[in-house]
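Just so you know, residue 1 is the first one in the sequence shown, and it goes up from there.
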Amino acid sequence: MAEEKGAQTPVEDPRNHDLWIWLNGRLVKRAEAMVSIFDAGFGLGDGVWEGIRMAKGRLVLVDDHLDRLYEGANTIALDIGMSKPQMKAALEELCAANAMTDGGHIRLMVTRGEKTTVHQDPRNALGRPTIAITAEFKVPDPEIKKAGIKLFTSSFRTSGPDSFDLHLNSHSRLNFIRPLLQAIAAGAHEALMLDPHGFIASCNSTNFFIVKRGEVLTSTGRTCFKGITRRKVIELCAKEGIACRETDFTLADAYNADGAFVTGTFGGITPVRSLDGRPVGAELPCPMTRRLSELYDRTFLG
């Protein structure tokens, strides 16, 4: 039976039913937040996005997220038309409008905007991007964090920068939704994906780590998400003197690991309970996963 909850399922919150949305410079109610069916994001997935947490009155790692957003927009020749300080002010305006100071998750979306016709040619764009920001009261489900997630290895491989660059936070997500559908059908929360050479790359929406003999391993980074949480975990390991390597490793390594976890902006660090029906490690979470999770929460969310 498929899991009813995903790896990033939030706790339901009734406050989300009538929120303010920031849309192209205006605050509008959720029910009134609409874009044209000719928008490049709707018709083609042509855009970039970021997910940002609001915790203890702070937009967590907001500068890192804005750097990634603007780099992505520049990569696809999309002029956002706002400076980073202006964008940060828009995020803060929206949080204030929703009286949000903690337990929030923001989705910042920028598309190439409305087009004269639904066609991939960017020259059909009318010239103004669509910028939409949602700020919802969302916190990770504590049951998922406590019990850990189940992963299923997908038959779909990740791609390199010469075809679909996973370092680009693109609106197009079908290449990750298809692996997730396989995982759901197999009764798992999330799909684990291998790279074109058969080494472990990432999950469909999170990055993947294993723990073996006190060492933390994650993929080389060639064909995984350019994860901010992933990078912060690696930096925390260096700061705390924990051995951590970005390297090639296989499913066999993961099956025989002492523990495993995934990382992402929304969930932070989430332990992995099983992979392809096999328990990962003898203890959940393993001591290293627990240590890093506590360090991450204290350093960035505390």
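Closest approach of S36 and F42 over heavy atoms only: O-CB, 4.3 Å. When all heavy atoms are compared, the tightest approach of G221 to H167 is O-NE2, 2.7 Å. Shortest non-hydrogen contact noted between T134 and L94 is C-CD2, 3.9 Å.
Around the CZ atom of R178, the shell of radius 6.0 Å holds no more than 12 heavy atoms that belong to other residues, nucleotides or ligands. The neighbour count for Q86 CD, taken as heavy atoms of other residues, nucleotides or ligands under 6.0 Å away, is above 12.
Neither side chain, T130 nor E114, offers a donor N or O lying under 3.5 Å from an acceptor on the other. Of the N and O atoms on the side chains of T229 and T263, not one donor lies less than 3.5 Å from an acceptor on the other residue.
Contacts classified as ring-ring contact (aromatic ring centres under 6.0 Å, His included) and involving residues 97-145 (residues at least two apart or in different chains) are given here: H105-F266. Evaluation of the salt bridge (Lys or Arg N to Asp or Glu O under 4.0 Å) test over residues 6-19, restricted to residues two or more places apart or in two chains, returns D13-R15, D18-K29. Listed by first and then second residue, the ring-ring contact (aromatic ring centres under 6.0 Å, His included) pairs involving residues 198-230 are F176-F225, F209-F261 (not counting sequence neighbours). For residues 70-102, no pair satisfies ring-ring contact (aromatic ring centres under 6.0 Å, His included), with sequence neighbours left out. Residue pairs meeting the salt bridge (Lys or Arg N to Asp or Glu O under 4.0 Å) criterion with at least one member in residues 33-49, sequence neighbours excluded: D46-R112. Applying the salt bridge (Lys or Arg N to Asp or Glu O under 4.0 Å) definition to pairs two or more places apart or across chains, those involving residues 63-82 are E50-R68, D64-R231, D64-K232, D67-K84, E71-K226. Residue pairs meeting the salt bridge (Lys or Arg N to Asp or Glu O under 4.0 Å) criterion with at least one partner in residues 115-135, sequence neighbours excluded, are D121-R123.
Side-chain contact between R273 and V280: absent, with no pair of heavy atoms (C-beta onward) separated by less than 4.5 Å. In this structure, I80 and L69 have side chains that are in contact, with non-hydrogen atoms separated by less than 4.5 Å.
Distance alone, capped at 3.5 Å, is enough to place a donor-acceptor pair between the S219 side chain and the A201 backbone. Listed for the N98 side chain is no donor-acceptor partner under 3.5 Å among the backbone atoms of C95. With hydrogens and angles disregarded, a donor-acceptor distance shorter than 3.5 Å links the side chain of E190 to the backbone of S205. Between the H65 side chain and the G51 main chain, a donor and an acceptor come within less than 3.5 Å of each other. For K212 (side chain) and N256 (main-chain N/O), a donor-acceptor pair under 3.5 Å exists by modelled atom type. In this structure, the side chain of N204 engages the main chain of A191 through a donor-acceptor pair within 3.5 Å.
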Compile the donor-acceptor pairs under 3.5 Å between side chains in residues 241-248 and protein atoms, sequence neighbours left out, one pair per line.
unit_1	atom_1	unit_2	atom_2	d
R245	NE	E215	OE2	2.7
R245	NH2	E215	OE1	3.3
E246	OE1	R230	NH1	3.2
E246	OE1	R230	NH2	3.0
D248	OD1	R222	NH2	3.1

Side-chain donor-acceptor pairs under 3.5 Å in residues 21-28, sequence neighbours left out?
unit_1	atom_1	unit_2	atom_2	d
W22	NE1	E93	OE1	3.2
N24	OD1	I131	N	2.8

N/O donor to acceptor pairs below 3.5 angstrom from side-chain atoms of residues 285-300, sequence neighbours left out:
unit_1	atom_1	unit_2	atom_2	d
R290	NH2	E283	OE2	3.4
R290	NH2	P285	O	3.2
T299	OG1	L295	O	2.7

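Not a single salt bridge (charged side-chain N to carboxylate O under 4.0 Å, His left out) links D195 to another residue, sequence neighbours left out. Taking the side-chain hydrogen bond (donor to acceptor under 3.5 Å, both in side chains) definition, one finds that T153 meets it with D276, sequence neighbours left out.
We find the CD1-CG distance between I76 and D165 to be 12.0 Å, quoted to the nearest 0.5 Å. In this structure, CD in E235 is found 10.5 Å from CD1 in I228, a value given to the nearest 0.5 Å.
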If you apply the rule side chain to side chain contact (heavy atoms under 4.5 Å, CB included), what do you find for L301 with R53, and how did you get there?
CA-CA 9 Å; L301 304 178; R53 290 183 73 169; 3.5 Å; yes
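Checking V262, N207, L194 one by one against S202, the side-chain contact (heavy atoms from CB on, under 4.5 Å) holds for a single residue, N207.
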